[in-house]
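Quick caveat: nothing in here was measured; it's all calculated off a predicted structure. Reckoned from all heavy atoms, side chains included, excluding hydrogens, waters and symmetry mates.
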Amino acid sequence: MRLNVARFAMVAGALAILPLASGCARVRAHQGYVVDNLLVDSIQPGVDNRESVERTLGRPSFAGQFNSSEWYYVARDTRQLAFSKPKPVDQTVLRVRFDAAGNVVAVDKTGVDLVAKISPEGDKTPTLGRERGFFEEIFGNIGAVGAAGAGAGAGAGAGGGAAGGPGPNGS
C-alpha cells in the first residue's frame with residue numbers, strides 16, 4: 001500500500017511539473033509572405049509587368065513609400081525561447097522594380113544579413129545639446145519672454161516691428 005502511495009505521489013508530481021516545463025519550449029514563427037523560389041525565379045525583367053507579377057506572386061507586402069514603382073515582398077522566420085524576445089532566424093526581402101510603363105526592370109532579393117540590431121540605452125534616447133535639470137526645465141524660461149534679443153516682439157513698438165513692417169498678426 002505504501003508503495004502505491006509513493007508511486008502515485010511521484011506520478012502526480014511529474015504531471016504537475018509537465019505544464020511548467022512546456023513553457024520552456026522553443027517557439028518558431030513565420031511572418032509575412034511565403035516565398036516560393038520557383039515563382040520568384042519565374043519573374044523576368046523586360047517580360048513581366050505589374051499585372052503578371054501580381055498574378056504570380058500575389059499582392060505585395062507593401063509598395064515603396066517614396067517610389068511607388070517598387071514592390072516589396074517581406075518574409076521573416078523567428079525563434080523564441082519561453083518569454084524572451086523573438087530573434088530573426090531567416091528573413092527574405094524581395095524587391096520588384098518597375099519602369100514608368102509598368103514593366104519589370106529588376107528583381108532583387110536580400111536576406112537576414114541586412115537586419116540591423118539596435119540597442120537603445122535605457123528608456124531615453126541620447127541627444128546632442130544641453131542637459132538641463134528638472135528645475136531648469138521648469139523655471140529656465142522665466143524672464144526670457146519679451147526680453148531684448150529673445151525673438152519676435154522684442155523691441156517692437158506699437159504697430160509694427162523694428163524694421164517698420166507689419167507685426168506677426170499682420171497689423
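Within 6.0 Å of atom CD in Gln65, 12 or fewer heavy atoms from other residues, nucleotides or ligands are found, so the atom counts as exposed in its surroundings.
The hydrophobic cluster containing Phe62, built from Ile/Leu/Val/Met/Phe/Trp/Tyr side-chain heavy atoms closer than 4.5 Å, also comprises Tyr72, Val74, Val93.
Side-chain contact between Val47 and Val104 is absent, with no heavy atoms from C-beta onward closer than 4.5 Å. Side-chain contact between Glu54 and Val96 is absent, with no heavy atoms from C-beta onward closer than 4.5 Å. The closest side-chain heavy-atom distance from Arg79 to Lys87 is not below 4.5 Å.
By the 30° and 60° cut-offs, the orientation of the rings of Phe139 relative to Phe135 is parallel.
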For residues 29-36, run the donor-acceptor check on the side chains, cut-off 3.5 Å, and write out each pair with its distance to 0.1 Å, sequence neighbours left out.
unit_1 : atom_1 : unit_2 : atom_2 : d
His30  : ND1    : Asp77  : OD1    : 2.5
His30  : NE2    : Tyr33  : O      : 3.1
Tyr33  : OH     : Leu57  : O      : 3.4
Asp36  : OD1    : Leu38  : N      : 3.3

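Taking CD of Gln80 as the reference point, atom NZ of Lys85 lies at 11.0 Å (rounded to 0.5 Å). The CG atom of Asp48 sits 9.0 Å away from the CZ atom of Arg55 when rounded to the nearest 0.5 Å.
Residue Phe98 is tested with Asn103, Val53, Asn67 for a side chain to side chain contact (heavy atoms under 4.5 Å, CB included); the sole match is Val53.
In the hydrophobic cluster analysis, where Ile, Leu, Val, Met, Phe, Trp and Tyr join through side-chain heavy atoms closer than 4.5 angstrom, Ile43 is grouped apart from Val105. Hydrophobic clustering, with ILVMFWY side chains joined whenever heavy atoms are under 4.5 angstrom apart, keeps Leu81 apart from Val27.
Residues Tyr73 and Arg59 share a closest heavy-atom pair of CE2-O, 3.5 Å. Smallest separation of non-hydrogen atoms from Pro45 and Ala106: CG-CA, 4.2 Å. Here the closest heavy-atom approach between residue Arg76 and residue Gln91 is recorded as NE-OE1, 3.4 Å.
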Lys109 vs Asp41, test: side-chain contact (heavy atoms from CB on, under 4.5 Å). Steps then yes/no.
CA-CA 11 Å; Lys109 193 176 186 182; Asp41 293 339; 5.6 Å; no
